[in-house]
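In what follows, a structure is listed as structure tokens, so that the remarks can point back to it.
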Amino acid sequence: MLDFEDLRENISDFIEENPLLSRIAAIVLFFFMTALVIILIQTSKPKPKKYERTDIILDSKPLYPDGPDIEKDYYHSRTTKESWSDEEIKQWFTPSDPKMINELEKANDRIVNEITGAAP
């Protein structure tokens, strides 16, 4: 059998006689053990991930988020009349006077002159 007391004495004598060599051996042993642990961790197979499939069972009416309600009188499209009635003309149409037409004509002329001012 191996006598651990003799082994311990031999190692302590070696360390006392060769301190630099014993430190280098300890560092190499440390790096070797670290590399061995890293290799064992990297080569081990990863644990398979377990995915559970949950089926959605619709047993009630879906809940819709609150939003603006569309009134019953609101239509996305409507049919228009061929012409306005007399009441609609009085309500919406404003007859133009000659002063407004002259101002509009001058404003339009200014815009045209700015656009075509440098043109030959």
Side-chain angles (χ1 to χ4, degrees):
M1 293 229 27
L2 191 64
D3 188 17
F4 288 109
E5 196 65 35
D6 287 339
L7 183 64
R8 197 183 107 218
E9 285 179 22
N10 289 339
I11 291 174
S12 66
D13 289 341
F14 178 77
I15 291 173
E16 288 175 9
E17 292 173 6
N18 303 315
L20 181 63
L21 186 61
S22 62
R23 288 181 186 159
I24 292 173
I27 292 172
V28 168
L29 181 66
F30 174 75
F31 283 131
F32 176 75
M33 294 302 285
T34 305
L36 184 66
V37 168
I38 290 173
I39 289 172
L40 289 175
I41 290 172
Q42 292 294 324
T43 58
S44 65
K45 292 184 180 179
K47 295 178 182 177
K49 295 180 181 177
K50 295 180 181 178
Y51 296 104
E52 293 182 23
R53 180 177 175 161
T54 56
D55 293 329
I56 298 173
I57 300 171
L58 297 176
D59 56 353
S60 64
K61 184 178 177 183
L63 298 174
Y64 297 109
D66 292 336
D69 294 330
I70 297 177
E71 297 180 19
K72 292 180 181 178
D73 294 338
Y74 180 80
Y75 299 103
H76 294 288
S77 63
R78 63 184 177 96
T79 56
T80 57
K81 299 178 189 175
E82 290 293 324
S83 63
W84 289 0
S85 67
D86 289 336
E87 293 173 6
E88 290 173 335
I89 291 173
K90 289 177 184 175
Q91 182 180 1
W92 300 111
F93 184 72
T94 304
S96 59
D97 58 347
K99 182 181 177 186
M100 289 173 47
I101 292 174
N102 288 336
E103 289 176 8
L104 180 63
E105 185 177 346
K106 288 177 184 176
N108 287 339
D109 287 342
R110 272 188 255 123
I111 293 172
V112 170
N113 286 337
E114 286 178 17
I115 294 172
T116 62

- Item | From Ser44 atom OG to Ile39 atom CD1, the distance as rounded to the nearest 0.5 Å | 12.5 Å
- Item | Hydrophobic cluster of Trp92, others only, ordered by chain and residue number, side-chain cut-off 4.5 Å | Trp84, Ile89, Phe93
- Message: Restricting to salt bridge (Lys or Arg N to Asp or Glu O under 4.0 Å), what partner residues turn up for Arg8, sequence neighbours left out?
- Response: Glu5
- Item | Between CG on residue Asn113 and OG1 on residue Thr116, distance to nearest 0.5 Å | 5.5 Å
- Calculate, to the nearest 0.5 Å, the distance between atoms CZ and CG belonging to Phe4 and Asp6 respectively. 11.5 Å
- Check the pair Asn10, Phe14 against side chain to side chain contact (heavy atoms under 4.5 Å, CB included), reporting the backbone distance first and the verdict last. CA-CA 6 Å; Asn10 289 339; Phe14 178 77; over 6 Å; no
Using atom types as modelled, flag every donor-acceptor pair under 3.5 Å from a side chain in residues 97-112 to any protein atom, sequence neighbours excluded.
{"from": "Asp97", "atom 1": "OD1", "to": "Met100", "atom 2": "N", "distance (Å)": "3.3"}
{"from": "Asn102", "atom 1": "ND2", "to": "Pro98", "atom 2": "O", "distance (Å)": "3.4"}
{"from": "Asn108", "atom 1": "ND2", "to": "Leu104", "atom 2": "O", "distance (Å)": "3.4"}

- So does Asp13 have more than 12 non-hydrogen atoms from other groups sitting under 6.0 Å from CG? yes
- Decide whether Ile15 and Leu7 are clustered together by the hydrophobic rule: side chain heavy atoms of Ile, Leu, Val, Met, Phe, Trp, Tyr closer than 4.5 Å, transitively. yes
- Note on the structure: CG of Leu36 to CD1 of Ile41, rounded to nearest 0.5 Å, is 10.0 Å
- Group every Ile, Leu, Val, Met, Phe, Trp and Tyr by side-chain heavy-atom contacts under 4.5 Å, then state whether Ile24 and Ile27 land in the same group. no
- Are Phe32 and Leu40 co-members of a hydrophobic cluster defined by side-chain heavy atoms under 4.5 Å apart? no
